[in-house]
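To keep things clear, I will list the structure first and then write my remarks on it.
Whatever order the structure lists them in is the order used to number ligands and atoms, beginning at 1. From a predicted model like this one, the values you see are computed outputs, not experimental measurements.
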Amino acid sequence: MELGVTHYTHWFHPLTEGTAEKHDSFVEHDGKGGMMEVFSGKLLVQQEPDASSFPSGGIRNTFEARGYTAWDPSSPAFVVDDTLCIPTIFISYTGESLDYKAPLLKALRAVDKAATDVCKYFDPKVEKVFSYLGWEQEYFLVDEGLYAARPDLLLTGRTLMGHDSAKNQQLEDHYFGAIPTRVAAFMKDLEIEALKLGIPVKTRHNEVAPNQFELAPVYEECNLAVDHNMLLMSLMRKVSRRHGFRVLLHEKPFKGINGSGKHNNWSLGTDTGTPLYAPGKTQEDNLRFIVFIANTLMAVYRHNGLLKASISSATNAHRLGANEAPPAIISSFLGKQVSQVLEYLETSDKKELFTVAGKHGMKLDIPQIPELMIDNTDRNRTSPFAFTGNRFEFRAVGSEANCASAMIVLNTAVAEQLVLFKKDVDELIKKGEPKISAILEVVKKYIKQSKSIRFDGNGYSDEWKAEALQRGLDCETSVPVIFDNYLKPESIAMFEGSGVMTKVELEARNEVKWETYTKKIQIEARVLGDLAMNHIVPVATQYQTDLISNVYRMKGLYPEEKWTKMTEQNRALIEEIATRTAFIKEHVDAMVEARKVANKIECEREKAVAYHDRIAPMLDEIRYHIDKLELVVDNQLWTLPKYRELLFIR
Ligand code: ADP
Ligand code: MG
């Protein structure tokens, strides 16, 4: 109340990409005609929002619309304006998760338990392992006035049409360039607001595309980092408007220039202060480092399709696989030094590798490892899952996404793998193998088995696509089909085995994913159809009419031969406009028909597949002709702001 708070809300992450809140005031009637301000422990801990309008994938039947929110004390409550916001999980009456946070907390518990058990091989004092996340948020800013004049941006978050600006990012003059004054003012304001909420913002810079920027905080415990990212995104939306901007968090707001991602820098660390993905000073430290690297590679290898599913969406599909973002195939880049160590371990004979030393039993002779700290400069920007010195960087995450989706899968997969590792090692120990030698044997096996996930080359190349297919990696590019990965037997076994999600929950979530996919494409198709018919075609026709009248008037002025020559270009333009507008009209109609057919499909998966296969490609076909018209139609008539304005006014 000292902070001026009059209301409180349970703040949660439903299966939309946003957050949800319903504000209640502290006011209660005192029964004597007066008021008092009350806030009980009961209200802090649990609530029952009437939340039947949140996506649940069929878990919450209409007759049982109740859902519960429950306090997550591991993420601090915070104050926004006059409201106390309490981070909570959101579950159904029957206990299924209806949000991102509940399964994330379970995944973090699973990886904590599994990693702690493995750490005990090296240090019995370890009692807890934390998962850390440092996200890098990319975004675009556009002038609010121009944004308001682009219904496609307003309604879908991206431009559905717009020809390339003559100048865009080809001069590479924006990346790390001087931050424009008005943008700098926005950033400063945003950072102050973020720091007030405890978000440890640190880095800001221009990104590759014009009007594209990045913000990154210092990494935090994963659950908190996820909450902070959600909060930051809503802060960005709010603060940008104070500066006459709109922030675009969509993965691909503009065709032909870079899209936005959200690199998820991820690592594990113990309660004794040991980072598990950093090589240490002793040889045992280094073995532990290799153990975690090898297990992570195994997890990523075994669940590469699922990891891709965790970052897939209708919007991120525009970015992945394009030549600026990670390809739509998950692979891991380790850098030269770590790769060398793994090759060494894989190929060398155990007897040669070790020399018995002291009471630790074995000495691991890998002189290369300690140098890692110095040299982590060999980076591979095309890798979706790159090792960067003391962490892995999952780069395929979309800028608009809730990081929890990726973090749930990654932490659960690593947890499952560490459990298997411990089982393998303990079996060998039971057979009489010394601990270190048992660990090395299993590590060696994993290095071999997971080899196909390692790729140090150019992830954008066509050769890689062919090779990845041969290696058996998931190369699917259709988002609705990629979602199938969640329901593969090995995924269900992984989620159920680690207590993170049940089959019922996974099925329900996929229903939501397919439905969301369909709706996003449906909205885009409608917006494009509307704009094509009530902006583009009328404007192009108007210009065409102007040209026709010019041609006719010329006829009265000049003899036939001269006239023919002088009006040649305009007559060609008249024809071009006729052809293109006819194509547009025809295809907008066809798109409406295709939607009608798709909408009749009952199965959410099949419907999403139909939208992907039949409707999404039509958006591009129609756009092609609109963009061509934009080039020829009189600029004075063209009602929509163009890329050259959207991208360069700042
Ligand atoms: P880049 O060079 O990739 O832009 P930065 O140095 O800006 O990377 O850091 C990116 C993010 O990675 C930051 O949020 C940073 O705090 C985070 N990070 C650094 N070390 C770790 C770690 N061990 N675990 C998780 N995140 C980390
Ligand atoms: Mg980075």
In terms of the angle between their ring planes, are His250 and His318 parallel, tilted or perpendicular, with boundaries placed at 30° and 60°?
tilted

Close-contact set for ligand 1 against Pro217 heavy atoms, below 4.0 Å
13 (C), 14 (O), 16 (O)

Structural part of Lys202 in contact with ligand 1, heavy atom criterion under 4.0 angstrom:
neither

Centre of Phe245's six-membered ring, under 6.0 Å away, within 45 degrees of the axis: is that where NZ or CZ of Arg182 sits?
yes

Under 4.0 Å to a heavy atom of Asn390 - the qualifying atoms of ligand 1, by number
20 (N), 23 (N)

To atom 27 (C) of ligand 1, the nearest of Phe130, Tyr132, Tyr219 on a heavy-atom basis is Tyr219

Can you name the residues that form a ring pair (Phe, Tyr, Trp, His ring centres under 6.0 Å) with Tyr121, not counting sequence neighbours?
none

Salt bridge or not between Lys101 and Asp227? Use side-chain N to carboxylate O under 4.0 Å.
yes

Checking ring pair (Phe, Tyr, Trp, His ring centres under 6.0 Å) between Phe387 and each of Phe392, Tyr277, Phe292, Trp266, which is the one that passes?
Phe392

For ligand 1, find out whether one of its N or O atoms is nearer than 3.5 Å to an N or O atom of Ser267.
yes

Glu214, Arg391, His205, Glu220: member with heavy atom nearest to atom 19 (C) of ligand 1
Arg391

Filtering Leu276, Leu215, Thr203, Asn265 for the heavy atom nearest atom 12 (O) of ligand 1 leaves Asn265

Sorted by chain and residue number, the side chain to side chain donor-acceptor pair (under 3.5 Å) partners of Ser165 (sequence neighbours excluded) come out as none

How far apart are the C-alpha atoms of Asp424 and Lys445, what are their side-chain angles, what is the distance that settles it, and do they pass the salt bridge (charged side-chain N to carboxylate O under 4.0 Å, His left out) test?
CA-CA 10 Å; Asp424 284 352; Lys445 184 175 84 179; 3.3 Å; yes

Any His263 heavy atom less than 4.0 Å from ligand 1:
no

With a cut-off of 4.0 Å, which atoms of ligand 1 are near a heavy atom of Val218?
16 (O)

Selection from Arg395, Gln137, Glu136 by shortest heavy-atom distance to atom 1 (P) of ligand 1
Glu136

Relative to the ring of Phe186, is the ring of Tyr139 parallel (under 30°), tilted (30 to 60°) or perpendicular (over 60°)?
perpendicular

I'd like to know whether ligand 1 has Pro275 as a neighbour, heavy-atom separation below 4.0 Å.
no

